[in-house]
Asker: 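Next up is a structure, given as structure tokens.
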Amino acid sequence: ALRSDKGTSTTSDYSYLGHAFVATYAPSTSTTLKGRLAYIEQRFSIDSKFDFSGVTGGLEGSWRATPKTSINASWLRDITSFQTLDSTHARIDTLSIAPKWLMRPTVTIGWTYKRAVRDGLGSPNGTASTRRDQTEESIWDINWQPRKYFSLRAAFSNANRTSNAIDQDFTAKVVTLGAQLIY
């Protein structure tokens with residue numbers, strides 16, 4: 001795949017170019033492996049210190065252990081804009097695991113665990129960034145579809161971040177409730 005973006009504002013021109021190779025392998029009817037390898041390049045005409053490029057990608061595995069249970073696991077690496085006082089972009093490595101259980105034909109229960117490390121890169125001020133953030137998130141969710149065109153969802157998330165940057169740590173607990181009506 002090839003992706004090319006260009007944009008203009010009153011102060012700068014922006015361009016993004018990405019080349020990606022994606023592969024899927026299914027060794028059995030219950031197992032799927034996916035891989036992605038890409039090279040991205042982002043440029044700003046106003047100031048080259050905000051330019052970045054690099055290799056991104058990831059691996060993902062899906063396994064349907066039984067007709068009612070499945071497990072997804074993945075590792076992803078991305079490079080993205082992350083503008084702070086000491087960085088212009090960041091590399092993010094994320095590991096996740098997400099088992100799901102089809103309790104009944106209309107009820108699914110799942111848990112997702114994610115652990116990510118974000119390293120600040122680049123330098124808006126001439127000094128290389130040393131910022132490192134580590135996040136952990138655990139999400140429990142339940143989906144219920146009592147009628148064909150109506151579903152309800154509830155989730156509880158517990159997330160925290162530790163950082164070597166001063167006053168950037170946090171802990172958050174989030175409850176999400178949702179309903180969807182398809183007409």
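All heavy atoms count here, side chains included; hydrogens, waters and symmetry mates do not.
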Asker: Taking side chain to side chain contact (heavy atoms under 4.5 Å, CB included) as the definition, give me every residue that meets it alongside I182, ordered by chain and number, with sequence neighbours left out.
Answerer: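 Applying side chain to side chain contact (heavy atoms under 4.5 Å, CB included) to I182 gives Y149, Q180.
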Asker: With the side chain counted from C-beta on, respond yes when D141 and K100 share a heavy-atom pair under 4.5 Å apart, and no when they do not.
Answerer: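 Yes, close enough: below the 4.5 Å cut-off.
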Asker: Can you tell if the side chain of L33 reaches within under 4.5 Å of the side chain of L59, non-hydrogen atoms only?
Answerer: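 A side-chain contact under 4.5 Å is absent here.
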Asker: Can you check whether D78's main-chain N or O pairs, donor with acceptor, with T56's side chain at less than 3.5 Å?
Answerer: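 Flag not set: sc T56 to bb D78 has no pair under 3.5 Å.
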Asker: Within this structure, what is the CD-CD distance for the pair Q134 and E136, rounded to the nearest 0.5 Å?
Answerer: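 Between atom CD of Q134 and atom CD of E136 there are 8.5 Å.
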Asker: With rounding to the nearest 0.5 Å, note down the distance linking CZ in R118 to OG1 in T94.
Answerer: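 Answer rounded to 0.5 Å: 10.0 Å.
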Asker: Please determine whether the number of non-hydrogen atoms from other residues, nucleotides or ligands lying under 6.0 Å from atom OH of Y113 exceeds 12.
Answerer: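 More than 12 within 6.0 Å, yes.
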Asker: Nearest 0.5 angstrom please: D169 CG to T135 OG1, how far?
Answerer: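 It is 11.5 Å, given to the nearest 0.5 Å.
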Asker: For A179 and F150, work out which heavy atoms get closest and say how close.
Answerer: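 That closest heavy-atom pairing would be CB-CE1, 4.2 Å.
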Asker: Rounded to the nearest 0.5 Å, how far apart are CG of L181 and OG of S151?
Answerer: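 OG of S151 is found 9.0 Å from CG of L181.
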Asker: Minimum heavy-atom separation for G54 to I79, with atom names?
Answerer: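 What the structure gives for the nearest pair is CA-CD1, 3.6 Å.
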Asker: Measure the shortest side-chain to side-chain distance between R131 and T84 over non-hydrogen atoms and say whether it is less than 4.5 angstrom.
Answerer: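 Yes, close enough: below the 4.5 Å cut-off.
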Asker: Looking only at heavy atoms, what is the nearest atom pair of A116 and I92, with distance?
Answerer: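 Minimum heavy-atom contact is CB-CG2, 4.4 Å.
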Asker: Which residue pairs pass the ring-ring contact (aromatic ring centres under 6.0 Å, His included) test when at least one of the two sits in residues 83-102, sequence neighbours left out?
Answerer: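 Output for this query lists F52-H89.
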Asker: Would you mind reporting whether S53 and Y39 have side-chain heavy atoms less than 4.5 Å apart?
Answerer: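 Yes, close enough: below the 4.5 Å cut-off.
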Asker: Decide whether I97 and W140 are clustered together by the hydrophobic rule: side chain heavy atoms of Ile, Leu, Val, Met, Phe, Trp, Tyr closer than 4.5 Å, transitively.
Answerer: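 Yes; W140 is reachable from I97 via cluster members.
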Asker: Is there a path of hydrophobic side-chain contacts, each under 4.5 Å between heavy atoms of I, L, V, M, F, W or Y residues, that connects M103 with W144?
Answerer: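 Yes, M103 connects to W144 through the hydrophobic network.
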Asker: Looking at residues at least two apart in the chain, or sitting in another chain, which of them share a side chain to side chain contact (heavy atoms under 4.5 Å, CB included) with L2?
Answerer: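 So L2 forms a side chain to side chain contact (heavy atoms under 4.5 Å, CB included) with L17, H19.
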Asker: Is there a side-chain contact between L121 and S129 (heavy atoms, below 4.5 Å)?
Answerer: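 No; the side chains remain at least 4.5 Å from each other.
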Asker: Rounded to the nearest 0.5 Å, how far does CD1 of I40 lie from CZ of R3?
Answerer: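 These two atoms lie 9.0 Å from each other.
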Asker: I'd like to know if the side chain of D51 reaches the main chain of F44, judged simply by a donor and an acceptor atom lying under 3.5 Å from each other, with no hydrogens or angles considered.
Answerer: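 Checking the backbone N and O of F44 against the side chain of D51, a donor-acceptor pair under 3.5 Å is found.
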Asker: Which atom pair, heavy atoms only, marks the closest approach of Y16 to G18?
Answerer: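 Heavy atoms only, the tightest pair is CE2-N, 3.9 Å.
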Asker: Do V55 and L95 share a hydrophobic cluster, counting only Ile, Leu, Val, Met, Phe, Trp and Tyr and linking them when any side-chain heavy atoms are less than 4.5 Å apart?
Answerer: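 No.
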Asker: Do you know the tightest heavy-atom contact between S87 and G120?
Answerer: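 Taking S87 first and G120 second, the nearest heavy atoms are CB-CA, 4.0 Å.
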Asker: For atom NZ of K34, decide whether the heavy atoms of other residues, nucleotides or ligands shown that lie under 6.0 angstrom number more than 12.
Answerer: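 No, NZ of K34 has 12 or fewer neighbouring heavy atoms, counting only those of other groups under 6.0 Å.
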Asker: Under 3.5 Å, side-chain donor or acceptor atoms of residues 153-161 against the rest of the protein: list the pairs with distances, not counting sequence neighbours.
Answerer:
from : atom 1 : to   : atom 2 : distance (Å)
S157 : OG     : E137 : OE2    : 3.0
N158 : OD1    : K173 : NZ     : 3.2
R161 : NE     : Q168 : O      : 2.8
R161 : NH2    : Q168 : O      : 2.9

Asker: Any non-hydrogen side-chain atom of S15 less than 4.5 Å from a side-chain atom of Q42?
Answerer: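 Side-chain contact under 4.5 Å: no.
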Asker: Quick one: does Y25's side chain get under 4.5 Å of T32's, heavy atoms only?
Answerer: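 The answer is no, as the side chains (C-beta and beyond) never meet within the 4.5 Å cut-off.
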Asker: Give, for atom CD1 of I71 and atom OG1 of T69, the distance between the pair rounded to the nearest 0.5 Å.
Answerer: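 Reported value, rounded in 0.5 Å steps: 7.0 Å.
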Asker: Which residues pass the side chain to side chain contact (heavy atoms under 4.5 Å, CB included) test with T88, not counting sequence neighbours?
Answerer: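 With sequence neighbours excluded, T88 shows a side chain to side chain contact (heavy atoms under 4.5 Å, CB included) to F50, P124, given in chain and number order.
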Asker: Excluding sequence neighbours, so at least two apart, what forms side chain to side chain contact (heavy atoms under 4.5 Å, CB included) with S28?
Answerer: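 Per chain and number, S28 pairs via side chain to side chain contact (heavy atoms under 4.5 Å, CB included) with S30, T31.
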Asker: Donor-acceptor pair, D133 side chain versus D119 backbone, under 3.5 Å?
Answerer: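 A pair under 3.5 Å: no.
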Asker: Go through the steps for W111 and S138 under the test side-chain hydrogen bond (donor to acceptor under 3.5 Å, both in side chains), then give the verdict.
Answerer: CA-CA 7 Å; W111 174 67; S138 180; 2.7 Å; yes
